[in-house]
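Heads up: the structure comes next, in structure tokens.
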Amino acid sequence: MRKDIQKATVIVVKIGTSALISADGTINYSVMQQLVFVIAELMRQKKQVILVSSGAVAIGRTQLGFAEAPLTVSQQKASAAVGQTLLIQAYQEAFDDYGKQVGQLLLTRDILDFSESRQTFAETIKQLLASGVVPIINENDAVSIDEVHQQRQFEDNDEVALNVSLLMKADLFIMLSDVEGLYSDNPVHNEDAELLQHLREVDSQLLASSSTQSGPYSRGGIHSKLKTADAALSAGLSMVLANGKEPTVIFNILKGEEVGTLFQK
Ligand code: GLU
């Protein structure tokens, strides 16, 4: 039993493209509806939940018919612009069932780099939470991918969610992906690989050897999860990596059950 997790009040939930988007590149509505149900219930329990959701680029490229990978930078940005609209619209429709309003925040690195804009960003989230609104955050991919360097400002939304968790002094950061958690070895190749329940530190060798491979629409792979967990541990932030295909897993996590992998000192 993980005791102190139950006390978490400010919770950042990050859902990755691999969990939210179906193989055909459209929203997996059963995952989204379950996630929305969980968040609405947590809000009823007076928890403050901030959602960081990926999926925009995947949805947008499907909508625009950009089937061929890899996309050009311009195609990625156009996909993000279109996909973000569809993503937030779908969330609002799902939250309508619970009488909840969503508020969208799109983040760029420079917003965090300057203390004034960083504070403004934080204040907006605080006001949304105080007003009973669900803040939904994504990187502002439509403007943040650099045409010249072909690079994003954030490596991925794991990094975005980590930064949001630290800025908002979250008690808990729940990262929902398409894996059960961190394994002792790659479970695809080694059937004896065990799910690790609790890590107090991230081994540097494990980090260096971890795979950056991810699904057709997602980014970062397990390497990104470990890098983020390492940063969370250094900052004293508790993080749980769990499978987001069944978002009700959040209830189990908050009961202190040993699901997924807990990263905590
Ligand atoms: N911001 C991207 C999107 O919404 C996802 C980045 C990531 O997968 O981490 O499509």
Side-chain angles (χ1 to χ4, degrees), residues 1-2 5 8 11-32 34-35 38 51-55 57-58 69-70 154-162 165 172-234 237-265:
M1 208 41 144
R2 302 165 177 165
I5 297 289
I11 302 163
V12 170
V13 175
K14 183 252 166 180
I15 186 150
T17 302
S18 57
L20 187 65
I21 303 300
S22 302
D24 67 356
T26 60
I27 296 170
N28 183 330
Y29 285 98
S30 87
V31 171
M32 181 180 272
Q34 208 185 97
L35 177 63
V38 172
L51 177 62
V52 176
S53 180
S54 301
V57 173
F154 295 99
E155 268 179 40
D156 50 38
N157 267 355
D158 295 344
E159 197 189 355
V160 169
L162 171 75
S165 301
L172 182 64
F173 169 21
I174 300 176
M175 188 189 280
L176 298 178
S177 186
D178 61 347
V179 290
E180 297 301 322
L182 184 69
Y183 284 84
S184 54
D185 194 5
N186 188 336
V188 180
H189 306 304
N190 180 356
E191 58 180 33
D192 294 331
E194 283 172 25
L195 181 66
L196 304 171
Q197 303 281 0
H198 188 167
L199 256 77
R200 291 190 159 76
E201 59 179 15
V202 173
D203 182 79
S204 54
Q205 263 186 333
L206 181 67
L207 181 59
S209 64
S210 58
S211 166
T212 53
Q213 212 178 339
S214 54
Y217 301 116
S218 24
R219 305 171 56 78
I222 201 73
H223 178 77
S224 162
K225 312 281 169 267
L226 277 176
K227 201 171 148 193
T228 308
D230 190 33
L233 281 166
S234 308
L237 167 69
S238 300
M239 173 182 140
V240 176
L241 172 63
N243 194 333
K245 287 285 180 194
E246 297 273 345
T248 47
V249 73
I250 294 173
F251 290 143
N252 304 82
I253 293 170
L254 291 173
K255 275 189 215 149
E257 291 173 18
E258 291 187 333
V259 286
T261 302
L262 170 68
F263 297 88
Q264 191 181 52
K265 281 232 186 282

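The shortest distance between side-chain heavy atoms of Ile253 and Leu172 falls below 4.5 Å. Annotation: side chain of Thr17 is not in contact with side chain of Asn157 (no heavy-atom distance under 4.5 Å). In this structure the side chain of Ile250 reaches within 4.5 angstrom of the side chain of Leu254, judged on heavy atoms. At least one side-chain heavy atom of Leu207 sits less than 4.5 Å from a side-chain heavy atom of His223. Between Lys14 and Ser54, some side-chain heavy-atom pair lies under the 4.5 Å cut-off. Inter-residue side-chain proximity for Arg2 and Gln197 is flagged as met; some heavy-atom pair is nearer than 4.5 Å.
No side-chain donor-acceptor contact under 3.5 Å links Ser238 to the backbone of Gln264. Under a 3.5 Å cut-off, the side chain of Lys255 and the backbone N or O of Ile5 do not form any donor-acceptor pair.
Closest heavy-atom contact between Ser177 and Asn243: O-OD1, 3.3 Å. Nearest approach of Ile222 to Gly181, heavy atoms of both residues: CD1-O, 4.5 Å. Taking every heavy atom of both residues into account, Leu182 and Leu241 meet most closely at N-CD2, 4.1 Å. The two residues Phe263 and Leu226 have their closest heavy-atom pair at CE2-CD2, 4.3 Å. Of all heavy-atom pairs between Ala193 and Pro187, the closest is CB-CA, 3.9 Å. Across all non-hydrogen atoms, the minimal contact from Leu176 to Gly244 is CB-CA, 3.7 Å.
Defined by atom type and a distance below 3.5 Å, a donor-acceptor pair is missing between the side-chain atoms of Glu194 and Ser184.
Expressed to the nearest 0.5 Å, how far CG of Leu35 lies from CG of Asn28 amounts to 11.0 Å. Interatomic distance, CD1 of Ile15 versus CD1 of Ile21, reported as 9.0 Å (0.5 Å rounding). Distance CZ/Arg200 to CG/Leu233: 10.0 Å, rounded to 0.5 Å. Remark: Glu246 CD to Ser30 OG distance equals 7.5 Å, nearest 0.5 Å. Here Leu262 contributes atom CG and Ile174 contributes atom CD1; the two are 10.5 Å apart, rounded to the nearest 0.5 Å. Note: Asn190 CG to Asp185 CG = 4.5 Å, rounded to the nearest 0.5 Å.
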